[in-house]
Amino acid sequence: NNDHPIRSDKRVRQALMHAIDRQRMIDDVFRGTAIIAHSIFPPALQYWYERGVKQYPYSPDRARALLEEAGWRMGPGGVRVKDGTRLSFTCAVITGDRARRPQAEIAQQDLAAVGVEMRIVERPVATILSQLPKGELDASLFNWTYNGGGGEPDPSATLRVGAARNFSRFKNQRVEELLPAGLRVVDPAKRKKIYSEVQKIVAEEVPFLYIMYWDWFMIFNRRIKGLPASTQSGSTLIRDAYKWWIE
C-alpha cells in the first residue's frame, strides 16, 4: 500500500528490495525452480522484456543506508523509528498457503536484520483481493501477473490509477500517459519503447516488491506428438491441443 505513511517514501521501498535475499527464497522454498524478478515483465516475454531496468541486488548494507537517508533511526527492540513511528507493518498471506508462508518468513527475517518489523497474518484470498485495492491492508504476498497475459504487454489492469487490480495503489503521471498510448499504437516497435519506459519507471518506483518468476512444469507422455519446443505459458500451450496426436 503506497499510500501508507511508512511506504510512501520510495527510498523505503527500495531498501526493502535490497534487504530481502530473494535467491535464498528460490533455493530454500522453491528448490531452485524460479529466477529472480527484475521487472514487471518476465524474460519469457522476450520481445517486450526490458533488461535495462534498475536492479536491487541483495545488500543489507545498502538497505540500511537508504533507511538512514530516509530518516529512520534504529530504536528499541531493533526496530527503526522516525518521528515516533516504528518501521513496522503487517503482511497478509493466503490462509493455509504452505508455499508463500515460508517466503514471508524469510522476508520477515531479512527485514528484521535491517531494522524493519514485518508481522505475518493469514487471510482468505477473497479478503485480500477485496481489501488490497482499497488500501485496507498494509501488504500481502501472493502471485500475480503484471502484464496483459498470453504475450500481451499491456499492464493497465495492475498499474492504472483506480484499476481493480492496482493492489499497491500505485500513482505515476507518466505511466498514466504511457498506458493508453501503448493501447493506441499498432506498430510493435513503437509499443516496445512505451512498455520499456513503463518497466523502467516501475523498477525505479518499486510500488511492490517483485520477488521471482516461477518455472512451471507440464509433464507429457512421450507418446504425445506435435508439442512445441517451448512455450510462454501453460494456457498458451493448451490452446494448441488440437494439433497434438498420440503415436
Side-chain angles (χ1 to χ4, degrees), residues 1-20 22 36-42 45 48-56 63 66-67 70 72 87-94 100 103-104 107 111 116 118 123 125 127-149 152-185 191-213:
N1 179 4
N2 287 201
D3 288 341
H4 191 284
I6 290 177
R7 287 174 305 285
S8 61
D9 189 330
K10 176 178 70 175
R11 294 170 296 184
V12 172
R13 302 193 298 269
Q14 291 177 341
L16 300 183
M17 283 291 288
H18 280 298
I20 298 174
R22 295 176 288 170
I36 291 176
H38 297 298
S39 173
I40 54 172
F41 293 177
L45 292 180
W48 305 106
Y49 182 61
E50 174 56 62
R51 298 183 180 278
V53 299
K54 184 170 185 173
Q55 298 191 10
Y56 299 88
L66 282 167
L67 293 173
W72 293 93
L87 187 48
S88 175
F89 67 96
T90 299
C91 178
V93 297
I94 298 171
R100 293 172 195 82
Q103 277 186 269
L111 294 177
V116 180
M118 186 184 88
R123 295 285 184 270
V125 65
T127 300
I128 293 172
L129 294 180
S130 171
Q131 292 185 334
L132 266 183
K134 300 175 185 176
E136 296 173 354
L137 288 177
D138 288 350
S140 185
L141 171 62
F142 57 96
N143 63 299
W144 205 261
T145 298
Y146 279 86
N147 53 73
E152 164 59 38
D154 172 45
S156 296
T158 52
L159 298 182
R160 194 182 67 249
V161 173
R165 294 297 179 251
N166 184 350
F167 298 121
S168 58
R169 301 175 69 79
F170 174 60
K171 303 178 184 70
N172 183 279
Q173 183 55 47
R174 179 57 178 160
V175 171
E176 289 295 298
E177 297 168 358
L178 290 168
L179 293 178
L183 292 174
R184 286 193 301 266
V185 172
R191 289 193 85 200
K192 184 174 182 177
K193 290 181 180 179
I194 290 171
Y195 293 121
S196 290
E197 186 176 350
V198 169
Q199 290 175 78
K200 289 178 180 178
I201 292 172
V202 173
E204 172 67 30
E205 294 296 321
V206 197
F208 34 80
L209 309 183
Y210 37 93
I211 304 297
M212 66 180 71
Y213 299 115

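Source: prediction; values computed, not measured.
Residues forming a side chain to side chain contact (heavy atoms under 4.5 Å, CB included) with Ala181 (at least two apart in sequence, or on another chain): Arg184, Ile194. Applying the salt bridge (Lys or Arg N to Asp or Glu O under 4.0 Å) criterion to Arg100, with sequence neighbours excluded, gives Asp97. Annotation: salt bridge (Lys or Arg N to Asp or Glu O under 4.0 Å) contacts of Arg174 (sequence neighbours excluded): Glu177, Glu197. Among residues two or more places apart in sequence or in another chain, the side chain to side chain donor-acceptor pair (under 3.5 Å) test is passed with Lys171 by Asp3. Take Ala63 and apply the side chain to side chain contact (heavy atoms under 4.5 Å, CB included) test, not counting sequence neighbours, and it matches Ala15, His18, Ala19, Val114. In this view, Asn172 satisfies the side chain to side chain donor-acceptor pair (under 3.5 Å) rule with no residue, not counting sequence neighbours. Residues satisfying the salt bridge (Lys or Arg N to Asp or Glu O under 4.0 Å) criterion with Asp154, sequence neighbours excluded, are absent altogether. With sequence neighbours excluded, no residue forms a side chain to side chain donor-acceptor pair (under 3.5 Å) with Arg160. The side chain to side chain contact (heavy atoms under 4.5 Å, CB included) check on Thr90 picks up Arg119, Val121, Asp138, with sequence neighbours excluded. Judged as a salt bridge (Lys or Arg N to Asp or Glu O under 4.0 Å), and not counting sequence neighbours, Arg123 has no contacts. Ala37 pairs by the side chain to side chain contact (heavy atoms under 4.5 Å, CB included) definition with Tyr210, Tyr213, not counting sequence neighbours. Listed by chain and residue number, nothing satisfies the side chain to side chain donor-acceptor pair (under 3.5 Å) test with Gln103 (two or more places apart in sequence, or in another chain).
Heavy-atom minimum distance, Ala203 versus Tyr56: O-OH, 2.6 Å. The minimum heavy-atom distance linking Gln14 with Lys54 is given by the pair NE2-NZ, 3.4 Å. Nearest heavy-atom pair, Leu159 versus Asn166, reported as atom, atom and distance to 0.1 Å: O-ND2, 3.5 Å. Closest approach of Leu141 to Ala104, counting heavy atoms only: CD2-N, 3.6 Å. Nearest heavy atoms, Ala163 versus Ala157: CB-O, 3.3 Å. Nearest heavy-atom pair, Pro207 versus Asn2, reported as atom, atom and distance to 0.1 Å: O-ND2, 2.9 Å.
Using a 4.5 Å heavy-atom threshold, the side chains of Ile6 and Trp72 count as touching. The closest side-chain heavy-atom distance from Leu137 to Asn1 is not below 4.5 Å. Contact check for Lys200 versus Val53: side-chain heavy atoms found under the 4.5 Å cut-off. Annotation: side chain of Lys10 is in contact with side chain of Glu204 (closest heavy-atom distance under 4.5 Å). Val202 places none of its side-chain heavy atoms less than 4.5 Å from the side chain of Ser39. Annotation: side chain of Phe208 is in contact with side chain of Ile40 (closest heavy-atom distance under 4.5 Å). Side-chain contact between Trp144 and Leu129 is present, with heavy atoms from C-beta onward closer than 4.5 Å.
Distance alone, capped at 3.5 Å, is enough to place a donor-acceptor pair between the Ser8 side chain and the Pro5 backbone. Under the 3.5 Å distance criterion, the side-chain polar atoms of Gln199 are matched with a main-chain donor or acceptor of Tyr195. At least one donor-acceptor pair closer than 3.5 Å links the side chain of Arg13 to the backbone N or O of Glu205. Judged purely by atom type and a 3.5 angstrom limit, Arg165 has no side-chain atom pairing as donor or acceptor with the backbone of Thr158. A donor-acceptor pair under 3.5 Å is formed between the side chain of Ser140 and the backbone N or O of Ala92. Of the possible polar contacts, one joining the Arg169 side chain to the Pro133 backbone as a donor-acceptor pair under 3.5 Å is found.
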For side-chain contact (heavy atoms from CB on, under 4.5 Å), just list the numbers for Leu66 and Val12, CA-CA rounded to whole Å, side-chain angles, deciding distance to a tenth of an Å, and then say yes or no.
CA-CA 7 Å; Leu66 282 167; Val12 172; over 6 Å; no
Apply side-chain contact (heavy atoms from CB on, under 4.5 Å) to the pair Leu67 and Val116, showing each step before the final yes or no.
CA-CA 10 Å; Leu67 293 173; Val116 180; 4.0 Å; yes
Applying side-chain contact (heavy atoms from CB on, under 4.5 Å) to Ile128 and Phe142, what does each step give before you reach the verdict?
CA-CA 10 Å; Ile128 293 172; Phe142 57 96; 3.6 Å; yes
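The 12-atom threshold is not exceeded at NZ of Lys193, counting heavy atoms of other residues, nucleotides or ligands nearer than 6.0 Å.
Once rounded to the nearest 0.5 Å, the distance linking CD of Gln55 with CE of Met17 reads 9.5 Å. In this structure, Lys192 NZ and Trp48 CH2 are separated by 8.5 Å, a value rounded to the nearest 0.5 Å. With rounding to the nearest 0.5 Å, the separation of CZ in Phe89 from NE2 in His4 is 9.0 Å.
Aromatic pair Phe170/Tyr146: centroids not less than 6.0 angstrom apart.
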